[in-house]
Every structure is written in structure tokens, then in C-alpha cells.
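For reference, the structure is listed below as C-alpha cells.
All values derive from a computational prediction rather than experimental measurement.
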Amino acid sequence: MEKYILITSGRGPKECNLAVQLVLERILAEADQYGVKIETVEVEKMDGLPSSIVLKLIGREIGVFRDRWLGTICWICQSPFRPNHRRKNWFVELKDWYPAKSAAKLNLKDVQFKAMRSSGAGDSM
């Protein structure tokens with residue numbers, strides 16, 4: 001059995017990217033206890049730190065292991081990049097991720113462009 005999870009700091013500051021790296025280290029350390037093998041699928045970096053990481057989890061106990069980590073994590077520490085900064089809470093999100101399926105090819109011959117005009121405030125649903 002295999003599942004994928006995304007660890008991301010979104011558009012957070014550099015401290016949140018550090019939290020992504022630290023959370024990854026904790027996940028890798030804990031995976032052995034659950035007999036879960038982890039493979040890194042994709043990493044997006046900003047300023048030398050990962051802002052998003054996609055992990056592939058393989059094993060029998062991935063459901064229990066994954067459920068322990070899914071959600072928002074608040075990493076609490078003084079900023080190593082801005083020592084006098086008041087903020088100490090840095091947030092990281094872990095959520096399910098699904099590999100992209102190959103997209104169907106779009107043929108421009110199948111697309112129709114039409115100019116339309118309207119008046120008024122529009123439809124408010």
C-alpha cells in the first residue's frame with residue numbers, strides 16, 4: 001500500500017520553510033517505528049530551504065502513521081534568521097497529495113471563441 005503526503009509552508013516566511021525541514025526530519029525518524037518506508041517525490045526550495053515536499057509512504061501501517069501527521073503543525077521557536085523578531089509560532093501544513101494523471105491533449109479545433117456583451121451587475125448566485 002502507498003499514499004502521498006504534502007508538507008508545505010505555503011507562502012510563509014523563511015522560518016516556516018525551516019519548520020518544513022524540521023518536520024521532515026521528525027517524520028523520517030518516526031517512520032521506522034511504524035515500519036513505513038518514505039521516498040521523496042518532489043521538493044520545492046526557496047532560499048536553500050524546502051518550502052514544499054511531497055513524500056511517498058509505503059508500508060502496512062501508513063494509515064496510522066499518516067493520520068498522526070495530517071493537519072496544521074505549529075512549530076514554536078525563536079527565529080534563527082531574525083533574532084529580535086517577536087513572533088515564535090511558525091505554521092506548516094501536512095495534507096494528502098495525489099499524483100497528477102496525464103492530462104488529455106486539447107485540440108484547438110475543438111474550442112470555440114465567442115464575444116458576448118451584457119449589462120447590469122451580473123448574476124449573483
Side-chain angles (χ1 to χ4, degrees):
M1 180 174 212
E2 66 183 43
K3 295 272 185 185
Y4 295 84
I5 59 171
L6 169 68
I7 308 170
T8 183
S9 62
R11 294 181 175 228
K14 194 172 183 179
E15 291 85 355
C16 292
N17 296 344
L18 176 60
V20 168
Q21 182 175 324
L22 296 172
V23 166
L24 173 64
E25 291 172 9
R26 291 272 177 104
I27 286 175
L28 293 174
E30 191 177 297
D32 289 337
Q33 298 170 3
Y34 287 84
V36 174
K37 182 182 173 196
I38 297 180
E39 296 176 10
T40 302
V41 176
E42 193 175 313
V43 178
E44 184 177 319
K45 290 189 174 190
M46 288 177 54
D47 298 327
L49 291 168
S51 60
S52 294
I53 302 173
V54 176
L55 300 175
K56 179 179 179 181
L57 308 176
I58 303 167
R60 295 173 65 175
E61 297 295 323
I62 60 173
V64 174
F65 177 75
R66 183 183 60 97
D67 289 346
R68 287 180 41 78
W69 285 99
L70 290 183
T72 302
I73 294 177
C74 176
W75 193 277
I76 302 171
C77 71
Q78 184 68 40
S79 170
F81 309 112
R82 299 178 283 174
N84 297 325
H85 193 64
R86 292 183 352 184
R87 182 175 167 187
K88 294 182 181 162
N89 295 331
W90 313 103
F91 294 92
V92 171
E93 182 179 11
L94 279 84
K95 59 184 178 179
D96 285 322
W97 185 83
Y98 303 96
K101 304 224 179 194
S102 58
K105 302 265 180 180
L106 179 64
N107 188 347
L108 288 180
K109 292 179 183 177
D110 296 334
V111 178
Q112 293 182 9
F113 294 95
K114 292 184 180 180
M116 306 201 57
R117 298 183 185 263
S118 65
S119 63
D123 188 10
S124 60
M125 293 179 106

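- Across all their heavy atoms, Arg87 and Pro13 have their closest contact at NH1-CG, 4.1 Å.
- Applying the salt bridge (charged side-chain N to carboxylate O under 4.0 Å, His left out) test to Lys37 and every residue at least two apart in sequence or in another chain returns Glu39.
- Transitive grouping of hydrophobic side chains (ILVMFWY, heavy atoms separated by less than 4.5 Å) brings Ile62 and Val64 into a common cluster.
- Taking Trp75 as the reference, nothing meets the ring pair (Phe, Tyr, Trp, His ring centres under 6.0 Å) condition, with sequence neighbours excluded.
- At distances below 3.5 Å, at least one donor-acceptor pair connects side-chain atoms of Ser9 with backbone N or O atoms of Ser51.
- Donor-acceptor pairing under 3.5 Å is lacking for the side chains of Glu42 and Trp97.
- Within 6.0 Å of CZ in Arg82 there are more than 12 heavy atoms belonging to other residues, nucleotides or ligands.
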### Message
Let's go through Leu28 and Leu24 carefully: what are the C-alpha distance in whole Å and the side-chain angles of both, what is the deciding distance for side chain to side chain contact (heavy atoms under 4.5 Å, CB included) to 0.1 Å, and is it a yes or a no?
### Response
CA-CA 6 Å; Leu28 293 174; Leu24 173 64; 4.0 Å; yes
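- The structure places CG of Leu22 at 8.0 Å from CZ of Arg26, a figure rounded to the nearest 0.5 Å.
- Criterion: ILVMFWY side-chain heavy atoms under 4.5 Å apart, direct or through other members. Under it, Phe81 and Val92 are part of a common hydrophobic cluster.
- To the nearest 0.5 Å, the span separating SG on Cys16 from CE on Met46 amounts to 10.5 Å.
- Counting only distance, with no hydrogens or angles, the side chain of Glu15 and the backbone of Gln78 share no donor-acceptor pair below 3.5 Å.
- The hydrophobic cluster containing Val54 does not contain Leu57, counting ILVMFWY residues as joined when their side-chain heavy atoms lie under 4.5 angstrom apart, directly or transitively.
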### Task
Could you check Ile27 against Trp69 for side chain to side chain contact (heavy atoms under 4.5 Å, CB included), going step by step and ending with a plain yes or no?
CA-CA 8 Å; Ile27 286 175; Trp69 285 99; 3.6 Å; yes
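- When all heavy atoms of Arg66 and Asp96 are compared, the closest pair comes out as NH1-OD1, 2.6 Å.
- When hydrophobic clusters are built by joining Ile, Leu, Val, Met, Phe, Trp and Tyr residues whose side-chain heavy atoms come closer than 4.5 Å, directly or via intermediates, Tyr4 is not grouped with Val43.
- Between Arg68 and Glu30 there is a salt bridge, since at least one side-chain N of the basic residue sits less than 4.0 Å from a carboxylate O of the acidic one.
- Put simply, the side chain of Glu61 never gets that close to the backbone of Val36: no donor and acceptor are under 3.5 Å apart.
- In the displayed structure, Arg86 atom CZ is contacted under 6.0 Å by at most 12 heavy atoms of other residues, nucleotides or ligands.
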### Query
Could you go step by step and tell me if Val23 and Leu94 meet the side chain to side chain contact (heavy atoms under 4.5 Å, CB included) rule?
CA-CA 10 Å; Val23 166; Leu94 279 84; 4.1 Å; yes
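- Residue Lys3 places its NZ atom among 12 or fewer non-hydrogen atoms of other residues, nucleotides or ligands, all under 6.0 Å distant.
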### Query
Yes or no on side chain to side chain contact (heavy atoms under 4.5 Å, CB included) for Ser52 and Leu6, after CA distance, side-chain angles and deciding distance?
CA-CA 7 Å; Ser52 294; Leu6 169 68; 4.1 Å; yes
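- Closest of all the heavy-atom pairs between Ile38 and Ala31 is CD1-CB, 3.6 Å.
- Considering only heavy atoms from C-beta on, Leu70 comes within 4.5 Å of Ile5 through its side chain.
- Both Met1 and Leu55 sit in one connected hydrophobic cluster of ILVMFWY residues. Membership requires side-chain heavy atoms under 4.5 Å apart, directly or through other members.
- The distance from atom CZ of Phe91 to atom CD1 of Ile76, rounded to the nearest 0.5 Å, is 8.0 Å.
- The aromatic rings of Phe65 and Tyr34 are tilted relative to each other, their planes meeting at an angle between 30° and 60°.
- How far CD of Glu93 is from CD1 of Ile73: 10.0 Å, rounded to the nearest 0.5 Å.
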